[in-house]
Amino acid sequence: MVTVRFAPSPTGFLHLGSARTAIVNWIYARSQGGKFLLRIEDTDQVRSKDEFLEEILEDMKWLGLDWDGEPIYQSHRFDAYREKAEKLLAEGKAYKEGEAIIFKVAKGRTIDIDDQIHGKITFNTDDIKDQVMLKSDGSPAYNFCCVVDDADLAITHIIRGDDHISNTPKQILFYEALGAELPKFAHMPLMMGADGAKLSKRHGAVSVEEYKKDGFLPETLANYLMCLGWSPGEGVEKVTLAEAVKLFKLEDMSDTQARFDIKKLTWLNGEHIKDMDTGKLLDLLKKQVTDSGIEITDDAKFREIVEMYQVRLKTSPDFLELTDCFFKDEFDVEEKGKRKYLDVEGNKENLKIFADELEGLPDFTTDAIEFVCRDIADNRQLKASQIIHPTRMAISGKTRGAGLFEMMEVLGKEKTVERMRKAALA
Ligand code: GLU
């Protein structure tokens with residue numbers, strides 16, 4: 001049975017690159033009806049922290065990943081590593097240096113990795129030093145315990161980042177020495193920043209947590225990360241984990257480096273918000289709005305606002321920014337827009353005329369408001385936009401938003417007229 005693992009070290013938050021490794025392993029396991037195991041590489045007991053582990057597990061669940069069975073902790077397996085190290089020592093394949101146990105690397109041979117993504121990669125053991133298995137404090141070295149675990153867990157495919165390619169020949173030597181069956185290796189090209197250097201803090205946010213805080217949906221991050229180096233099909237950008245499980249093939253993964261592109265991620269998030277169940281989006285936004293200290297007094301109206309803006313949001317924090325005018329009278333006003341549309345000869349006069357007409361309107365509906373607007377434009381030989389832009393500025397303080405007439409209906413006659421008059425007098 002296909003068995004893969006994700007092996008995070010809980011010495012920091014979940015990095016986007018590690019999240020991508022987890023996602024690809026998960027998709028591969030699920031696509032093969034196989035197992036996806038979680039191994040916690042916590043041999044460094046000083047740097048490993050419970051809070052990092054909790055956050056990594058939280059983030060994985062948030063992304064939609066589940067794992068089979070209980071996580072395996074390397075810190076619980078020191079006896080297993082010692083037993084294997086002593087076995088190799090007894091067989092003459094290793095030697096002691098003080099308390100440390102060191103593996104002898106025979107020189108002068110080549111080791112080929114038949115990489116599932118890169119093809120054949122050849123190493124020479126002349127370039128590989130003898131390898132520490134157990135350090136003098138009794139803790140295992142990464143390459144050794146990784147192999148002991150992967151062999152014991154019968155891992156069939158090791159899918160991880162390119163940064164581990166140089167570890168692989170050393171690990172192959174351990175498989176041979178232990179008489180264990182070799183898994184297949186697939187090394188994914190690393191994720192790069194916009195400047196082509198390995199994605200790091202220098203480029204901005206690199207942890208899943210930060211993107212979560214910035215209002216990105218888990219569906220978007222999963223979608224974006226799985227598609228770095230893999231495509232669900234010509235021209236297809238939006239894909240869910242469930243869809244990917246049906247389409248994914250390891251051999252379709254690209255061997256070229258992908259650049260992390262925040263613009264693309266942001267666009268993709270907008271696409272996922274558009275398709276999101278409105279009720280779900282409503283709950284998410286409601287929490288955000290109330291957390292910001294605004295009380296939602298009219299649920300039906302709140303729903304109308306959400307429906308009106310769903311197609312326009314890129315990330316959820318955009319919502320409050322775009323819709324503050326519906327929740328408070330002291331909303332932000334774009335200075336540039338004010339100069340362009342309100343501080344202009346004639347526009348205030350038009351606003352006043354429009355407000356007067358609206359005041360007497362019995363049904364304050366989108367269609368009726370639009371009719372009045374177009375009628376004034378015709379009579380005064382204006383383009384409708386000459387009334388629309390100043391009005392949007394007056395009622396919302398913004399140059400962009402939802403359809404103006406719809407916004408006016410949702411805001412209600414009283415507030416709309418009051419704001420238009422205020423702007424006309426300012
Ligand atoms: N703990 C290692 C890492 O986070 C795992 C490497 C592996 O998958 O073998 O990079």
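These values consider heavy atoms only, across backbone and side chains, with no hydrogens, waters or symmetry-generated copies. Since the model is a prediction, treat every value here as computed from it, not as a measurement. First listed ligand is number 1; within each ligand, the first listed atom is number 1.
Side-chain contact between Ile56 and Phe13: absent, with no pair of heavy atoms (C-beta onward) separated by less than 4.5 Å. By the 4.5 Å heavy-atom criterion applied to side chains, Gln74 and Asp149 are counted as neighbours.
Between Phe6 and ligand 1 there is no heavy-atom distance shorter than 4.0 Å. Residue contacts with ligand 1 include Ser9, since one of its heavy atoms falls under 4.0 Å from the ligand.
Of the N or O atoms in Tyr142, one or more lie within a sub-3.5 Å distance of an N or O in ligand 1. On a distance-only criterion, Ala7 and ligand 1 share at least one N/O pair closer than 3.5 Å.
Using a 4.0 Å cut-off between charged side-chain N and carboxylate O, Asp261 and Lys264 make no salt bridge. Salt bridge status for Asp44 with Lys49: absent, with no side-chain N to carboxylate O gap under 4.0 Å.
The aromatic rings of Phe6 and Phe36 sit parallel, their planes meeting at an angle under 30°, below the 60° perpendicular limit. Using a 30° and 60° split on the angle between ring planes, Tyr224 and Phe260 fall in the perpendicular class, above 60°.
Protein heavy atom closest to atom 10 (O) of ligand 1, with residue, atom name and distance, is His164 NE2, 2.8 Å. Among protein heavy atoms, atom 8 (O) of ligand 1 sits closest to Arg5 NH1, 2.6 Å.
Closest heavy-atom approach to atom 1 (N) of ligand 1 within the set Arg160, Glu41, Gln171: this belongs to Glu41.
Shown in contact with Cys146 at under 4.0 Å from a heavy atom are these atoms of ligand 1, numbered in order with element: 9 (O).
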